[in-house]
Each structure stands twice: as C-alpha cells, then as structure tokens.
Amino acid sequence: MADSVGRQSDSINHATEEDEKKHEIIGAKGEGKELTKEEKQRLRKEKKQHKKNKKDDRGPPEKEKEKEKASVPAPSKPATQSPAHKAAPVPVNASASESPVAAEKPAKSKAELRAERRARQDSERASKQGKKEGGQQSTSSKPKATPNELQPVVKRLPDHVQVDDPVALKKLAKKLERQQKSGQGCSLNITGVKVPLRSDYGYKVSLFSHLHQYSRKNPPTQQISIPVTVIHPSIVRLGLQYSQGIIAGSNARSVALLHAFKQVIQDYSTPPNEELSRDLVNKLSPYISFLSQCRPLSASMGNAIKYIKKEISNIPSQCKEEEAKRILQECIDSYINEKIILASEAISKYAIEKISDGDVILVYGCSSLVNHILCEAFEKQRKFRVIVVDSRPRLEGREALRRLVKKGIRCTYVLISALSYILPEVSKVFLGAHALLANGYVMSRVGTSQIALVAKAYNVPVLVCCETYKFCERVQTDSFVSNELDDPDDLIVTRNGKTHLENWQTFKSLGLLNLVYDVTPPDFVDLVITDLGMIPCTSVPVVLRVKNVDQ
Amino acid sequence: MEERELVEYFRAQIREDPDVASAVAAIRSLLEFLKRDQSETILGLRENMTKAIQRLEETDSSVAVSSGGELFLRFISLTSLEHPDLSQCKNVMIERGELFLKKISLSRGKVGKLCHTFIKDGAKILTHSSSRVVLKVLENAAADNKRFTVYVTESQPDSAGKLMAQKLHNLNIPVTVVLDAAVGYIMEKVDLVIVGAEGVVESGGVINKIGTYQMAVCSKAHNKPFYVVAESFKFVRLYPLNQQDVPDRFKYKADILKTVKDLNQEHPMIDYTPPSLITLLFTDLGVLTPSAVSDELIKLYL
C-alpha cells in the first residue's frame, strides 16, 4: 500500500517535474542541444512510467498533490538542470553496471544528496499543508530517499559485486527487471521475461563472500523462455559460451563480444519516434547485464563496450538507418583490427628484439599474445627453447604446449609447484596480462604473481605483454577487492577411483576456493611491451593520459 | 660533405674545445654537414643525415653521440616542412638546428645549478671516473663557498680518474684517488655518491663507465644516496634488461668490434645500472626520479 502511494507520489512528482521541464525545454531550446536531448529522453521515460501508474489508481489525493507539488519548482529545477543520469536516482540508471566504479562514485553520492534534499523539502511541504495524507506521504517519500541515504555516500563497489549485502542484491534484481521493461517500451506488456539474476552456488570463503560464485551446471539461460525473450539470440549464445568456458581468454572474449554486437546492430531496427543513437544504447544495456550475469565482464570487454557506446551516441541524427548501421559495423571492424590484430603485430616486433639466441623462455598458462610472439620469433629463426608452466584446475598450459609444439618449438612442461626447481635454467619470463591497472599493477591469471615473485628472487627479468586496450583506470593493490570466483566443483578430482571432495558441501566448515585472477605489483615486473613501445610498469598512467588526450 | 671530412670536423671540434661534451661536438658536426649537404630531396637529406650519424657513432662509440644525433634529427624535422623550395626547407632546418645546439650547450650549466644545492657543507663525495658534468657541479658548489672532500676512483683501464683528480686539484678542492677495488671500503666514509652518465635509458637506468654498477650496489647496501647527473640529450630509446642486453656497439670501442673475433676476451667499457639502485637523476629538465624518465622520454619522442 505504502509502496503504491510512494510510486504515486513519485509519478506525480515526475508529472509536475515534467511540466517544469517542458517550460525549461521551451526556454532552453536556444541552449546546448545536449541538454534538450537528455531532457527529451528522460521526459519520454517518465511519460511511460507515468501512464502505467496512472492506469493503476487515480484518485482525489493525486489532484491535491498536484496542487501542492506545483509549488515545488525551485528544488526540482536546479536538480533537473544537471545532467540527466545524475538527477534521477530511482528511475532507470541503465549504464551503471559496467561503467567504471570511480565514475559512479561521485555520480551516486551527488544523486543521493539531491534526492535527500528533494525528499526533505517534499516531506516538509506535505506535512505543512495536508496533515491527513501527511503521515503516509512523508513516510512514503522518505523511504524512497533513505535507502539511498543509508548506503554509505562513498561506495566502493558497484551493486552487482556486493553479493553479501541483501539490500544491494534486491536493488540489482529490480534493476535487471526494469532494464528489460524499459528497453521494451510500453507497446508490449509481457511480464514473464526478465534478465535473470543468477543465484550463487555453494559455501563461499569469507574473504571473498562479496563476489559471485556460480556453478557451471546451472546455466543462466534456463530461466529464459526463448520465443518471448528480449535478449538477442546471439547474445544468449555468447552468454552461454562464456558461462560454460567455451570461449575463454581476454582477447577471445572481446572479439566474440564485438562480433555478437555486430549481429545485434545488423538485426536492429529503429522504432518510430526514436533515434538510433539513443535507443540502440538503451537496447544494449540489458544485453550487457545479461552477459555480466553469465560471467563478470573483463577489463578489455569493458573498454570495448565503452568504445561502442561512444560511437553509437556519436552517430549524427540525420543519418539514415542503413548508413548508420554500416558506419557502426566499420567502426567495430576497425577497432578489432587496430587494437587487437595490428597491436599484436607491433608487440611481436618489439618482443622479438628481446629474444636472443640461446634463450630459455618461461611462459605461464595460455596467452594468445605470448604464443603469437613465440611463433613469430621461431619463424624469424631465433634459437630458443620454452618452458611451459601449468596449474590446476584449468590446465591451460596444455593448450599453449600443443600450439608451440605444433610449430616445432622445443618445449618443456612443468606444474607450478616445480617453479623454483626450473627457474635457475630460465633466462627470461614472458607473461600475458588480463588488464593493466592505473597504478602499474598487472592483473592476470592466478599464479602469475607467484611466478613474478620467484623470478625476481632469482634475478630473472620478467616481461609482460599487453595491448593498450586492456589498460584500465581502476586501481587495485590486492587480489581480494575485485576478482572472480570460478565453479568450486572444478577442484574435485578423481584419482585411483576415489573422489575425495565429492561431498564437500556436507561439511559446514569446508570451503573450496577457485580464484581466477591475481594482481602482481610493478616492482616484480621489469618491462611491459605494448603496441606503443616498451615501457616500465610505472608508466602505465602516462599511457592512459596520452590516450585520453587523443580521444 | 664526405664522411671523411665529417669525421675530421668532429675530431677538430673535440681538439679545439676539450671541455665540450662529445654529443655536442657531434651535433655541431651534423649541423655543418646539413649546411654543406647537396641532396635534392628531403628524403635524401634524411638518409644522408642518418648515415652521417652512424658514421659518427663508429668514430666515437658512446651512447651520447647516438642519442644526441637521433634527438637532433627529430628536433629539426619536427617542424612543418611544407615549403615548395628545398633550400627554404633547409634554412628552416638549419635554424632549428642552431636553436637545438644553443639549448643543449646551456644544459650542463643548468644541471650544475640544480645539483650543487644537494651538496652540504662538510660533505664527503664519491665519484667515478672523469665526468665533465660532475666537474661542473663540484665547481658550482665550490664557488658557493662550500667545504667538501672528494674521492675519485682510478677507473681503469684508461685511468680517467687521475685526470679528474688533477682538474679538481686545480679548483682547490681536496681530492683523493682510490682504487676501483676500494669502493666497498670507502663507502662507509662518504655521504653521497654522484656520477655522470653516458646514456639514460627508458627504464630510468643509466649506462656509464664500467664500475658504476658496482658502486651503485655498494651504495644501496650502505643506504647512501646515489645521484646521477646527465643532460637531457643523453636520453636514449634503449631498454636493457640486464648487462648482457646492452648492445655490443656501445660496450666496446668501434675499432675493436671490427678487428677482434672473440668478444669474450675483451673488456667492456661500460655497464648498465638499473633504476632500482638510483635515488635521483639531475637533468636540465629538472630533478627526476627514475620512473619519471620514461614520462619525459614519451614526451620527447612520441
């Protein structure tokens, strides 16, 4: 009851805001185009929600509230003047999930402060004028603001990562629901389908309880009824491939994502009264939420998505749909070509200078870039041999071994437990990276920091190879804050007919931890080879700065 | 201008002004080469310049000549050479060349001014071999009426340290020559270590006369600050991972490279000091930490 009243007050608030906005828009037509576009978008969304709520219950309280809310131009005006996605805390905040945490933090706290202010002023006015609805109203408008208030103003992690906080989880579920609905528009009225919220599996070790832990046996696509789904089938397929581990590896995932987006853009048709540049971005948001439910997005995927969204929103409005689609397809193709394919060529060129005859090179796991470098060096007649280090449960080293042996390179295969035994023989260590953080830390497959540490102790140079599109603005000094937990059942192994950990769930005090990434400090890394050249690990922020200037 | 003439000019420059940095002499020669060059196209001009730089590198196998030459080439070609007439383009390039030369001639003075404030009254300084920049720094400090003593290593095989001691003696600075092997022994007595550099590499490390790396390791073990003074034209786009990774053309003299078959029997003239052992670098761009060198290099080259 209170909830519906709350929504009413919400909608009425927006109704009067709408009128104010209309006046604003007419007045501000001379001002920057951006402002009016944002206003129009918000206006449309508000209208839809308003119509839906109006259908539910209309009554006299509404009219009365309209009168009193009409005298609330002042606080809403400065609020609505600011950029759209900051001003409205409760309505759709679609791009929250994959935007970087740092950018979210100030936005959310500003929005919270504004919501607080507005709520306070509303409740004051309400209590002043009508004491009959006063009690209900103020309490209903206050709960809207207080959940935001209660959460600390400085948020450290986005919602979808705070798994141990039930309030955050509920918010996430609602957001996923809303994303699907708002993306559809008010024409269809299907309620059964929503972006599924995947549930966690098994006991989580307490240090990592803020992360999700999914089981491969419960794919996220089970809850979706395919004919009615709003999610494009190629995205569903991609999500499934991610969650089952069929597509793995940073570059592979990004390329697959971009290809799926190409398909989406191809099949997209602009609905009437909508602009491609804005509607397509909104369409992509539920897809991205779905994909992050299947498997958390990697830094490279995040950067690719940012790029696509920027390109889409830069499409001029007078562009015809076919033309716009062609432009976008070309953009995606050139991104893949420049940032991934050509970058790996450039990196191989630099890396081959560092490989001399008689070298013994150590590699860990399966990095597409490092394999490419070694194959190129072998083709250029460099004499070297490779030691492949592998670790459970993924055993990715076997794939790398297969590729190198096929080329004809002399390889040795060890498990990571034999690392200190094999290192005195090694002359160089080549590592791949999943992402390079802004403070110079290298985020890579779990086990990488161990290799870097032991190599440092033996004075063996460590070289990290990473394309610049994997550089991200995040800062992290440990592997706990932001990581990924893989399926714990992967750690169960059958030896000599006995499977010891089969019933691990029955032991309350037993937890299986299957980490995916870890973070290596820059003191252990001697050199980073990127497509811009060879840089020390401490120069990553310089590259980010140069890149931002370019864009 | 023929290569022989170029080398003669270069050698003449060094003879006339023994105090000049070899890179500055090289750049003067390159400027002269540019003025006398007779190629018809800009591409031809660039090719000739590159060849000239290579020739000079062979004469004086120091990292500084190589880095100075490359920077010179970049500096003069960084302008818009859109003039239809080649001679006009050449004039623009020559102008920029003169500008560059003037800038770097002043750099040693700038470094000296920056560094001498780090020498306190009563300090004991250790330095290695003979460096003109370190001499300038000590000159400035002495002119500031500071009292300090200097220990110089002998620096075999060419005994350059004795030359340095002579020059310091002429400035009335108390100086002692120590054996190269006595660096560990003397380290507990000194307050700070100042060395020059032949080249500053991308990682923030330096390439200098053989024996510098030892000194750096000792000073790290004794927790003494290790300062490097270098002009900015010595920044070079190399990234050695260890001693072996430094290219042979810098380690040995050019004539040895040509005549000797087995380099394992030869003694290298330089070594590489990694950035982790260096406290600060004093350059004409300012006082930098080793990690800032890469930043400056990116600005200079990209």
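Note on naming: letters A, B, ... go to the chains in the order of the sequence lines (proteins, then strands), and numbering restarts at 1 for each one. Values below: every heavy atom of this structure, side chains too, minus hydrogens, waters and symmetry copies.
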When rounded to the nearest 0.5 angstrom, what distance separates [atom1] in [X] from [atom2] in [Y]?
X       : Y       : atom1 : atom2 : value
E202(B) : S539(A) : CD    : OG    : 8.5 Å
D526(A) : Y239(B) : CG    : OH    : 7.0 Å
N242(B) : N459(A) : CG    : CG    : 9.0 Å

Exercise. I would like to know whether E296(B) and V542(A) meet side chain to side chain contact (heavy atoms under 4.5 Å, CB included); could you show each step before the answer?
Key: CA-CA 10 Å; E296(B) 291 297 327; V542(A) 180; over 6 Å; no
[X] atom [atom1], over 12 foreign heavy atoms within 6.0 Å:
X       : atom1 : value
K110(B) : NZ    : yes
H267(B) : NE2   : no
E311(A) : CD    : yes
Y335(A) : OH    : yes
K253(B) : NZ    : no

Quiz prompt | Short N-O contact, D245(B) and K428(A), less than 4.0 angstrom | solution = no
Quiz prompt | Min side-chain heavy-atom separation R545(A)-D295(B) under 4.5 Å | solution = yes
Quiz prompt | Contact winner vs chain B - I535(A), L527(A), V543(A), heavy-atom pairs under 4.5 Å | solution = L527(A)
Quiz item: How would you list, in number order, the residues of residues 270-279 of chain B that have a heavy atom less than 4.5 Å from chain A?
Solution: none
